[in-house]
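Below is one structure, written out as C-alpha cells, with a few remarks after it.
Proteins get letters first, then strands, A, B, ... in listed order; numbering begins at 1 in each. Side chains included, hydrogens not; waters and symmetry mates left out as well; all remaining heavy atoms used.
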Amino acid sequence: MRHSMVSDKYEKISALARRRGFFWPSYEIYGGVSGFINWGPLGAVMKRKIEDKFRDMFLRRLGLYEIETPIIGPEVIYVASGHLKSFREAMVECNRCKKRFRADHLLQEFANLPSHETEKMTLKEIAEALKRHRVKCPECGGNLSAPQYFLTMFKTTIGPYSDAVGYGRPEAAQTIFVEFKRLYEQVREKLPTGFAVIGHALRNEISPRQGPMRLREFTIIDLEFFVDPEDPCCSLLEQVEDETLNLVLAEERLKGSEKPVKLTVKEALSKGYIKSEWQAFFMALAKRFLMDLGVPEDKQRFIEKLEWERAHYSSQGFDQEVYLDRWGWVEVSGFNDRTDFDLRGHMRESGVDMRVFKPHENVRVRKERVIEPVISVIGRTFKRDANKVLDLLSKVNPNEVEKQFKKQGYYMAGEFKILPSHVKFVEREVKETGRRFIPHVIEPSFGSDRLAYVALEYAYTVKDGRVILKLPRDIAPVQLAVLPLVQKDGLPEKARALYKRLIDEGFSVEYDEAGSIGKRYARFDEIGVPLCITIDYQTLKDETVTIRDRDSWRQVRASIKSLPEALWEYFRFKRNFEDLGTSL
RNA sequence: GCGGCCGUAGUCUAGUCUGGUUAGGACAUCGGCCUCCCGAGCCGACAGCCCGGGUUCAAAUCCCGGCGGCCGCACCA
C-alpha cells in the first residue's frame with residue numbers, strides 16, 4: 001500500500017468517471033452511503049457491453065442459457081445453502097481498546113482449539129470457551145465483550161406485518177439451484193448444461209471502500225455448469241488445451257510464496273493441479289475474456305484458494321486476479337467446484353428429488369443378492385416395531401448383513417437385533433435401465449463492476465498530456481463521433497445528415513460542433529470513442545470524409561457510401577482501421 | 001467498527017492556525033466571436049464553504065456530534 005500524495009490511477013479514473021459519467025458514489029446529495037455506486041450514462045452502456053461479451057463467449061457460443069431470478073429469497077433457501085451458518089462471524093470487542101476480533105481466531109490462537117472444532121461451536125460455547133481459557137484482548141489485555149454474530153446478508157421481511165424472513169441474495173447461484181429441476185426439464189434433460197444469472201447481489205460488508213471494487217450491492221455473473229460426476233470430461237477442451245495459465249498453486253502458497261507457474265491447460269490437468277477439466281476450460285475462457293477486455297496475460301493470474309479460504313461449498317477453488325495499480329492483485333472472478341453441495345442441501349430442506357436420471361446405453365441385467373425379510377417371523381418377533389425393522393432392512397447392505405451373521409450370529413439394524421431366521425438371501429435379476437445421481441456443479445463467477453473498472457484502468461493512457469481511454473472497440477460506450485471541421489459553410493448541415501444516417505444504421509454516435517476540432521478529438525479520446533468522422537471542405541466536393549483512429553491519431557479517407565458496411569466490419573473485428581479507407 | 005489525516009463550484013485549489021467587506025483563482029461546462037485537423041485566442045455566463053448543533057455582535061475559520069473519503073487495524077463467507 002502506498003501513501004501517495006500524488007494521485008494514483010484509481011483517483012484519476014474516479015475523477016474522469018465522475019466527470020464524464022462512468023461511475024460515482026450513490027446518494028451523494030445526502031452525504032453518500034459507502035458500498036453503493038451508480039453507473040452513469042457511459043458506464044452503464046460499457047458495463048452492459050461487457051456483460052454482453054460474457055453472454056457471447058460463455059453462453060451463446062457454448063449453447064448455455066441465461067435466466068433472470070429474484071434478488072429476495074425466503075430464509076429456507078439460505079438454510080439449505082449453508083449461508084445462514086457460514087455467512088456470519090462470531091466477533092468480540094475489547095471493552096478497553098474497542099478493537100474487534102473474530103472469536104474463532106482467538107480460540108485457535110490462545111486456546112489451541114483446531115479450526116474444525118471452533119467452526120461447529122455455538123455462541124454460548126464460544127463464550128464459555130473464551131472464559132474457560134481466560135482469553136483477553138491480544139492487543140491490550142483488556143476484557144472482551146460477549147461474542148455476537150455479524151451476519152453479512154441483508155435481512156428483510158416478505159410482505160406487510162409478516163414474520164416471514166427474507167434475505168437479499170449474496171450470490172445469484174442459489175436462485176439457479178432452486179430452479180434446477182424445472183430448468184433441466186426445459187433443456188430436455190441434457191447434461192452437461194449450464195445456466196447463468198447476471199444480476200444484483202447484496203452483501204452487507206462491514207466496511208466497504210475502494211469504490212467499485214467492493215460494494216454492498218453489485219452485479220454478479222454466476223454461471224452454474226452441471227455435469228455428470230461420472231462423466232467429467234470436457235468435450236470442448238481442445239479449444240483451449242494449449243492456452244497458458246499463470247497458476248499460483250496452493251502447495252506453493254503453503255510454502256509462503258506466491259510464485260506462479262505458467263502451464264498450458266493440458267499440463268495443469270495432467271499434473272493434477274486443476275482437478276476438473278471443465279473448471280480448467282472455464283478458466284482458460286476467462287483468461288481470454290479478460291484479455292479481450294484489455295488485460296494482458298502477464299497482468300492476470302489464477303490463485304488457488306487454501307482450504308480455509310474457500311467458501312463452505314467449494315472443494316477446489318481458484319480466483320482469477322488482475323493486477324491493479326492501487327491495490328495490487330485483485331479478484332475479478334472465482335472458479336469453484338461446488339460438487340453436489342447445493343443441490344443436496346436443497347433436496348434436504350425441500351424434500352424434492354433433485355437427482356437426474358441417465359439411461360444406460362443398453363439395459364443391463366444384473367444378478368443381485370438382496371435381502372428378503374421373512375415378514376411372518378419379523379411380525380411375530382418385533383410386533384409394533386415390525387414396520388420400522390422392515391424399513392431399516394430395505395436400506396441395509398446384504399453383504400454387510402451376511403458378514404455380521406458369520407462373525408457374530410446376528411446383525412444390528414439400528415436398535416434391533418436381526419437373526420438369520422428373520423431374513424432370506426435371494427438372487428434376483430435386476431434390470432438397470434439407468435442411474436440416478438445429483439449433478440456436480442462447476443461455477444465460474446464474475447464481478448461485473450470489477451470487470452468494468454478493470455477495463456477502464458487498462459484502457460486509461462496518457463499521450464501528450466491528454467487522457468485516452470483505449471477501450472476495446474466492442475465495449476466502448478460510444479462508437480462514433482461525427483464532427484464538422486468548422487461551424488460554417490454548410491459543414492454542420494452535412495455532418496448532421498451523416499450523423500442521422502449512421503444512427504439509422506444502428507451505431508451509437510455523437511454529433512459535436514462545439515469548439516476547435518482538436519478540442520473535440522480530445523474530448524472523444526477521453527471517453528474512448530474509437531473513431532471520429534470529420535466532415536471537411538473536401539466532403540462537399542466528393543462525398544468523402546476523414547476517419548480518425550483514437551489510438552494512433554492516424555487518419556484515412558473514405559466515401560460516405562462505404563461507411564455503414566465497413567464500420568460494421570470494423571466493430572466486429574473483421575476489418576482493421578487501415579482498411580476503412582485510403583491512408584492520408 | 002477502532003485510530004490517524006482530511007472535507008471550499010463539475011474538478012483542482014487560495015483563505016482556516018490569528019473569526020470581520022461581495023469567499024479569490026485555474027481548468028472544465030454553456031453562449032457568442034474567431035477557426036481548413038489535435039484541449040489555441042478573445043468576450044460573457046453558470047457554479048462553492050459536507051450536514052446538524054454550540055460558542056460569538058459576527059463562523060469556511062473555534063468546539064461537539066453525524067456523514068463521507070484516504071491510510072492503518074479488523075473484515076472480505
Side-chain angles (χ1 to χ4, degrees), chain A residues 1-5 7-8 10-12 14-21 24-36 78 81-89 91-94 96-102 105 119 138-140 145 148 150-153 170-171 203-211 213-216 305 308-314 317 319 326 330-331 334 336 463-468 483-489 491 513-526 532-540 545-548 550 553-555 557 584:
Chain A
M1 292 294 160
R2 64 189 66 196
H3 286 264
S4 57
M5 290 291 105
S7 64
D8 61 16
Y10 169 70
E11 272 175 73
K12 287 178 184 152
S14 295
L16 171 68
R18 182 194 303 256
R19 188 158 44 83
R20 301 307 304 270
W24 65 94
S26 298
Y27 311 121
E28 270 187 316
I29 67 164
Y30 290 107
V33 183
S34 63
F36 299 93
Y78 296 103
S81 71
H83 283 87
L84 218 47
K85 259 192 196 151
S86 311
F87 213 71
R88 61 177 188 184
E89 295 300 341
M91 294 185 75
V92 291
E93 189 179 65
C94 170
R96 194 194 299 172
C97 72
K98 300 292 169 199
K99 288 221 152 82
R100 301 185 104 205
F101 307 92
R102 279 178 59 168
H105 286 181
E119 230 167 65
E139 289 287 314
C140 76
S145 71
Q148 279 193 310
F150 179 74
L151 182 70
T152 36
M153 281 196 292
E171 57 169 7
R203 297 180 187 185
N204 201 2
E205 304 283 358
I206 296 172
S207 169
R209 290 171 196 172
Q210 310 169 350
M213 303 308 289
R214 190 139 163 256
L215 296 168
R216 291 191 166 117
K305 303 310 279 184
W308 56 86
E309 294 173 330
R310 283 200 302 264
H312 58 278
Y313 48 70
S314 171
D319 278 353
R326 188 186 195 114
V330 169
E331 174 190 358
N336 282 293
K463 180 174 178 180
D464 298 354
R466 287 165 36 171
V467 173
I468 305 177
L483 317 168
L485 185 62
V486 291
Q487 234 178 114
K488 60 179 186 184
D489 300 328
L491 297 185
E513 58 178 41
S516 71
I517 188 70
K519 192 168 184 169
R520 282 176 277 160
Y521 285 152
R523 272 203 291 256
F524 289 113
D525 283 346
E526 195 182 46
C532 286
I533 300 174
T534 303
I535 275 58
D536 55 21
Y537 287 93
Q538 182 78 22
T539 312
L540 301 178
V545 294
T546 64
I547 307 175
R548 169 190 176 272
R550 174 194 68 198
W553 295 0
R554 286 207 305 269
Q555 300 193 344
R557 191 144 203 115
L584 289 180

Spatial distance of atom OH (A:Tyr78) from atom CG (A:Leu151) [nearest 0.5 Å]: 11.5 Å
Heavy-atom protein contacts under 4.0 Å, nucleotides 3-11 of chain B, coded B base, S sugar-phosphate only, - none: --------S
Atom pair distance, as rounded to whole Å: CZ in A:Arg216 and C1' in B:rA77: 16 Å
Nearest listed nucleotide, side chain of A:Arg214, among B:rA77, B:rC76, B:rC30: B:rC76
Interatomic distance, A:Phe524 CZ vs B:rU29 P [rounded to whole Å]: 11 Å
Same-atom distance (P) from B:rC50 to B:rA9, integer angstrom: 7 Å
Sugar-phosphate only, base, or nothing, as touched by A:Pro170 at under 4.0 Å among non-hydrogen atoms: base
Flag if over 12 foreign heavy atoms under 6.0 Å of NZ, A:Lys85: no
Euclidean distance, A:Glu11 CD relative to A:Leu16 CG, rounded to 0.5 Å: 13.5 Å
Whole-angstrom distance between B:rU18 and B:rA23, as gauged at atom P: 24 Å
Distances for protein N/O vs nucleotides 41-51 of chain B N/O pairs under 3.5 angstrom?
none

A:Tyr521 versus A:Thr534, side-chain donor and acceptor atoms under 3.5 Å: yes
A:Gln487 CD to A:Ser516 OG distance, which is reported to the nearest 0.5 Å: 11.0 Å
Whole-Å gap separating P (B:rC76) and NE2 (A:His83): 14 Å
Short N/O separations, protein against nucleotides 34-38 of chain B, under 3.5 angstrom:
from: B:rU35; atom 1: OP2; to: A:Lys488; atom 2: NZ; distance (Å): 3.4
from: B:rU35; atom 1: O4; to: A:Gln487; atom 2: N; distance (Å): 3.3
from: B:rC37; atom 1: O2; to: A:Tyr521; atom 2: OH; distance (Å): 2.5
from: B:rC37; atom 1: O2; to: A:Gln555; atom 2: NE2; distance (Å): 2.7
from: B:rC37; atom 1: N3; to: A:Tyr521; atom 2: OH; distance (Å): 3.3
from: B:rC37; atom 1: N4; to: A:Asp536; atom 2: OD2; distance (Å): 2.7
from: B:rC37; atom 1: N4; to: A:Thr546; atom 2: OG1; distance (Å): 3.1
from: B:rC38; atom 1: O2'; to: A:Arg466; atom 2: NH1; distance (Å): 3.1
from: B:rC38; atom 1: O2; to: A:Arg466; atom 2: NH1; distance (Å): 3.2
from: B:rC38; atom 1: O2; to: A:Arg466; atom 2: NH2; distance (Å): 2.7
from: B:rC38; atom 1: O2; to: A:Arg548; atom 2: NH2; distance (Å): 3.4
from: B:rC38; atom 1: N3; to: A:Arg548; atom 2: NE; distance (Å): 2.7
from: B:rC38; atom 1: N3; to: A:Arg548; atom 2: NH2; distance (Å): 3.1
from: B:rC38; atom 1: N4; to: A:Arg548; atom 2: NE; distance (Å): 2.8
from: B:rC38; atom 1: N4; to: A:Trp553; atom 2: O; distance (Å): 3.1

CH2 on A:Trp24 to OG on A:Ser14, rounded to 0.5 Å: 13.0 Å
Separation between CZ of A:Arg548 and SG of A:Cys532, rounded to the nearest 0.5 Å: 5.5 Å
Test side-chain contact (heavy atoms from CB on, under 4.5 Å) applied to A:Pro208 - qualifying residues, sequence neighbours left out: A:Ser34, A:Glu205, A:Arg214, A:Arg216
Touch class at under 4.0 angstrom, heavy-atom based, for A:Gln538 against every strand present: nothing
Salt bridge present between A:Asp525 and A:Arg520 (N-O < 4.0 angstrom): no
Residue whose closest nucleotide on RNA chain B lies nearer the 5' end, A:Arg310 versus A:Ser34: A:Ser34
Base-paired stems that RNA chain B participates in, counting runs of 3 or more Watson-Crick or G-U pairs under 3.5 Å: B:1-7 with B:67-73, B:10-13 with B:24-27, B:29-33 with B:41-45, B:50-54 with B:62-66
side-chain contact (heavy atoms from CB on, under 4.5 Å) involving A:Thr539 - partner list, sequence neighbours excluded: A:Lys494, A:Ile535, A:Asp536, A:Val545, A:Arg557, A:Ile560
Check ion pair A:Arg19-A:Glu526 (N to O, under 4.0 angstrom): yes
Separation between the C1' atoms of B:rC6 and B:rG66, rounded to whole Å: 16 Å
B:rA47 versus B:rA26 - spacing of their C1' atoms, nearest Å: 14 Å
Least distance between heavy atoms, A:Ser314 atom then A:Asn336 atom: OG-OD1, 2.7 Å
Interatomic distance, A:Lys463 NZ vs B:rG39 C1' [rounded to whole Å]: 15 Å
B:rG15 versus B:rC57 - spacing of their C1' atoms, nearest Å: 23 Å
CG on A:Asp489 to OH on A:Tyr537, rounded to 0.5 Å: 3.5 Å
Check ion pair A:Glu28-A:Arg18 (N to O, under 4.0 angstrom): yes
